[in-house]
Structures are given as C-alpha cells and as structure tokens.
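Structure record follows, encoded as structure tokens.
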Amino acid sequence: VQLQASGGGLVQAGGSLRLSCVASERTFSSYGMGWFRQTPGKKREFVATISWSGDSTYYADSVKGRFTISRDNAKNTVYLQMNSLKPEDTAVYYCAASTASRYSYYTSRYSSSGYDYWGQGTQVTVSS
C-alpha cells in the first residue's frame with residue numbers, strides 16, 4: 001500500500017488547512033486510517049483515526065473540536081480538516097493505514113504500532 005499525503009503549508013494561528021492522503025490500493029475501503037504528527041526530538045503522536053466505513057472517528061484530546069477526519073472510499077482518500085490552528089499544531093503530519101482485523105484495529109487504533117503503512121509526511125507550520 002502506498003500512501004501519498006499532501007495539503008500541508010504555512011498558516012497563521014486561527015487559520016485552517018485540509019490534509020489529504022491518497023492510497024494506491026482498491027482495498028482502501030477495508031482499512032482503518034489514521035493521522036499522526038511528529039516534531040523534532042519527540043515521538044510520533046496520535047491525532048485522529050477513522051474506521052473503514054467512516055462510521056467511527058476518534059481524536060486526540062488536543063485536537064478534539066478543531067480537527068475532523070473523513071474519508072471518501074470512492075476516491076481512496078482520507079482527509080484531515082484542521083481549523084482554529086495553533087502554533088503547537090506545528091509538526092510533520094503522517095497518514096497511516098491499518099490492514100489489521102477489526103478487533104486489532106479497535107484495540108490498537110491510538111498507537112502508531114497499530115498501523116502497517118505510512119505516507120511520507122507533510123509539513124504543517126502555524127505561525128503566531
């Protein structure tokens with residue numbers, strides 16, 4: 001599975017960005033998808049995840065109410081709409097795919113170890 005993330009950039013605090021991640025596989029609709037972020041010297045951090053059907057979404061407390069994850073299975077694409085951005089949201093954002101069973105996805109959805117495939121990352125910089 002190849003994942004291609006895009007949509008990052010430089011934005012002022014309070015602004016918005018939408019990240020996209022396109023998957024190469026037609027079986028995209030059977031994958032749980034997630035977004036993580038990482039800053040230099042820190043561990044990769046969970047941001048949001050969405051189940052294969054899109055019925056279930058989960059967020060880190062730090063982004064809840066500001067970020068929205070969604071997917072379009074017809075386009076093999078997952079999105080992360082980021083509103084009310086803060087300087088502390090500055091990071092490289094990665095999309096990831098979980099090809100695990102449904103049980104495994106639900107038990108590991110917040111951990112980077114629960115995802116098998118990763119995109120290349122897209123930089124988001126929020127200026128104060």
Side-chain angles (χ1 to χ4, degrees):
V1 179
Q2 291 185 333
L3 303 174
Q4 182 70 41
S6 62
L10 174 63
V11 63
Q12 288 188 331
S16 299
L17 283 174
R18 188 175 83 154
L19 306 184
S20 300
C21 176
V22 181
S24 61
E25 297 293 316
R26 294 182 180 180
T27 49
F28 172 80
S29 60
S30 64
Y31 302 154
M33 297 296 297
W35 287 97
F36 289 74
R37 65 189 182 187
Q38 190 170 23
T39 54
K42 292 190 176 181
K43 292 178 61 176
R44 198 164 290 187
E45 173 190 33
F46 168 76
V47 176
T49 186
I50 187 168
S51 64
W52 40 92
S53 64
D55 289 347
S56 299
T57 57
Y58 306 88
Y59 298 92
D61 288 342
S62 58
V63 307
K64 203 171 292 183
R66 301 187 297 120
F67 291 11
T68 302
I69 189 171
S70 62
R71 66 190 298 160
D72 185 339
N73 286 342
K75 296 183 178 179
N76 285 6
T77 303
V78 62
Y79 304 98
L80 185 68
Q81 177 66 43
M82 305 185 295
N83 299 329
S84 301
L85 283 161
K86 304 175 181 180
E88 51 264 43
D89 294 318
T90 295
V92 177
Y93 284 71
Y94 297 90
C95 62
S98 169
T99 62
S101 68
R102 296 188 177 188
Y103 174 79
S104 294
Y105 165 75
Y106 279 113
T107 58
S108 305
R109 62 191 183 274
Y110 300 124
S111 172
S112 59
S113 63
Y115 296 82
D116 314 280
Y117 298 95
W118 294 82
Q120 84 287 4
T122 184
Q123 176 71 47
V124 171
T125 303
V126 184
S127 62
S128 56

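Atoms considered below: every heavy atom in the structure, side chains included; atoms not considered: hydrogens, waters and symmetry mates.
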Hey, what do you get for CD (Gln38) to OG (Ser112), rounding to the nearest 0.5 Å? 9.0 Å
Is Lys86 salt-bridged to Asp89, going by a charged N under 4.0 Å from an acidic O? no
Quick one: does Arg18's side chain have a donor or acceptor within less than 3.5 Å of a partner on Gln81's backbone? no
Thr77 side chain to Lys75 backbone, donor-acceptor under 3.5 Å: yes
Polar side-chain atom of Arg71 near backbone of Gly32 as donor-acceptor pair, under 3.5 Å: no
Where the side chain of Gln120 meets the backbone of Ala5, is there a donor-acceptor pair that is under 3.5 Å apart? yes
Sub-3.5 Å donor-acceptor pair from the side chain of Tyr106 to the main-chain atoms of Ser101, do we have one? no
Donor-acceptor contact below 3.5 Å, side chain Thr107 vs main chain Ser104: yes
Would a distance-only check, ignoring hydrogens and angles, find a side-chain to backbone donor-acceptor pair under 3.5 Å from Thr90 to Pro87? yes
Are more than 12 heavy atoms, taken from residues, nucleotides or ligands other than Gln123, located less than 6.0 Å from that residue's CD atom? yes
Closest non-hydrogen atom pair, Ser51 against Asp55: OG-N, 3.4 Å
Determine yes or no for a side-chain-to-main-chain donor-acceptor pair under 3.5 angstrom, with Thr122 supplying the side chain and Gly8 the backbone. yes
Whether Asn73 side chain and Trp52 backbone form a donor-acceptor pair below 3.5 Å: yes
First locate atom CZ of Arg66, then atom OG of Ser84, and finally report the distance between them rounded to the nearest 0.5 Å. 7.0 Å
Can you name the ring pair (Phe, Tyr, Trp, His ring centres under 6.0 Å) partners of Trp118, sequence neighbours left out? Phe36
Does Val124 sit in a hydrophobic cluster with other residues, and if so which ones, taking ILVMFWY side chains as linked at heavy-atom separations under 4.5 Å, directly or through other members? Val1, Leu3, Val11, Leu17, Leu19, Phe28, Tyr31, Met33, Trp35, Val47, Ile50, Tyr59, Val63, Phe67, Ile69, Val78, Leu80, Met82, Leu85, Tyr93, Tyr117, Val126
Does Tyr94 have Arg37 sitting over its ring (NZ/CZ under 6.0 Å from centre, angle to axis within 45°)? no
Hey, could you give me the CG/SG distance between Asn76 and Cys21, rounded to the nearest 0.5 Å? 10.0 Å
Under 3.5 Å: donor-acceptor pair, side chain of Ser98, backbone of Gly114: yes
Output, in order, the C-alpha distance, side-chain angles, deciding distance and verdict of side-chain hydrogen bond (donor to acceptor under 3.5 Å, both in side chains) for Tyr115 and Thr49. CA-CA 11 Å; Tyr115 296 82; Thr49 186; 2.8 Å; yes
Straight-line distance of Lys64 NZ to Thr57 OG1, nearest 0.5 Å: 9.5 Å
